[in-house]
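Just below is one structure, and these are the notes that go with it.
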Amino acid sequence: MKLLIADNYTALSQQAAADLIKLAGNEKAPLVCPATGDTPAGLYKVLVDKVNNKEVDISCWHFLGLDEWVGMNGEDEGSCRFHLNNQLLFPLQVASDNIIFFDGRANNLQEECSKTEAFIRQQGTIDISVLGLGMNGHIGMNEPGTAIDTRSHVGELDAETQKVGQKYFNTAQRLTAGITLGLGTLMESKHILLLISGAHKAAIVKKALEGAISEKVPGSLLRNHPSLRIYLDKEAAQLLAF
Ligand code: PGA
C-alpha cells in the first residue's frame with residue numbers, strides 16, 4: 001500500500017491523475033473504473049485538460065461505471081451516470097462503445113449485474129479502479145457488512161448513504177437501493193487508487209486505514225489489495241497516528 005498525503009486537494013488530484021495516466025499507459029486498451037463523487041472530480045478535470053491539450057490520448061480506454069442508484073440511469077439528473085457524463089465522459093468525448101454502465105432503471109437488475117461481470121471477464125480484468133470512501137466506509141455501494149468476495153449486486157443502502165446521497169440532487173430523493181460492482185470484483189482490479197479529501201472524512205479514514213480490517217468498514221478491506229495507492233489531503237489525514 002502506498003500512501004500519499006498531499007498538501008491540498010489540487011495536489012491530491014494532480015498526483016492521482018498522473019498515476020492513473022501512467023498506469024493506463026502500460027496497457028494496450030485499459031479498462032478504467034471511475035467512481036462518481038465529489039472527491040475524484042478534480043482528478044477528472046486534470047485528465048480532461050491533459051486530453052484537450054493533447055498530452056494524453058484516451059481513445060483506447062474503456063470506462064466501466066462503478067455504481068448507480070436503483071431506479072435511475074443517465075437520464076436522471078443527479079444519477080451517478082449523469083455526474084460522470086458531465087465530469088468525464090462527455091468532456092472526453094468517449095465513444096459509447098467504450099462505456100459500460102449499470103442501468104438502474106432496467107427491468108432485470110440481475111441481468112445488468114451478469115452483463116457487467118461478463119464484460120469484465122471478456123476484457124480480462126479491470127486495470128485501474130478509481131475509488132472514493134463513503135462517510136460510513138462504503139466502497140461504491142458496498143455498504144458496511146458486505147462480504148469481501150461479493151460480485152456485482154443490488155443492495156439496500158444504509159441510512160447514512162441515503163442521507164449523504166441527497167447532495168448529488170437538486171430535490172429530495174428516495175434512495176433505498178443501489179446496483180454496484182462487488183468488493184470481490186473490485187479487489188481483482190490490477191490497481192486501485194483510493195482518493196479521500198476533507199476533514200469530514202478524517203474519522204472514517206482513521207478507521208479504514210488504522211482500524212481492524214473488517215467488513216464493518218468496507219474501505220479497510222482494500223488494504224489487502226497488492227497494488228493500492230491512497231491519496232489523502234492533510235485534512236483527511238489529520239487523525240492518523242504517525
Ligand atoms: P464523495 O463520495 O467523493 O462525494 O465524498 C464518496 C462515496 O460516498 O463513495
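The shown structure was predicted, so the numbers you read here are calculated from the model rather than taken from an experiment. We're numbering straight along the sequence, starting at 1. Whatever order the structure lists ligands and atoms in, that order sets their numbers, starting from 1.
With sequence neighbours excluded, no residue forms a side-chain hydrogen bond (donor to acceptor under 3.5 Å, both in side chains) with T39. For N52, the side chain to side chain contact (heavy atoms under 4.5 Å, CB included) test picks out V48, with sequence neighbours left out.
No more than 12 heavy-atom neighbours from other residues, nucleotides or ligands sit within 6.0 angstrom of CD on Q93.
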Only pairs under 3.5 Å count here: list side-chain donor-acceptor contacts from residues 20-32, not counting sequence neighbours, and write none if there are none.
unit_1	atom_1	unit_2	atom_2	d
E27	OE1	K190	NZ	2.9
E27	OE2	K190	NZ	3.0

List below, pair by pair, the N or O atoms of ligand 1 and of the protein that are less than 3.5 Å apart, including the distance to 0.1 Å; reply 'none' if no pair qualifies.
unit_1	atom_1	unit_2	atom_2	d
ligand 1	2 (O)	Y168	OH	3.3
ligand 1	3 (O)	D38	N	3.2
ligand 1	3 (O)	T39	N	2.9
ligand 1	3 (O)	T39	OG1	2.4
ligand 1	4 (O)	D38	N	2.8
ligand 1	4 (O)	K167	NZ	2.7
ligand 1	4 (O)	Y168	OH	2.7
ligand 1	5 (O)	K167	NZ	3.4
ligand 1	5 (O)	K201	NZ	2.7
ligand 1	8 (O)	H138	NE2	2.8
ligand 1	9 (O)	H138	NE2	3.3

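Looking only at atom types and distance, the side chain of T180 has no donor-acceptor partner in the side chain of H153 under 3.5 Å away. S152 and E117 are linked by a side-chain donor-acceptor pair at a separation below 3.5 angstrom, with hydrogens and angles left out of the test.
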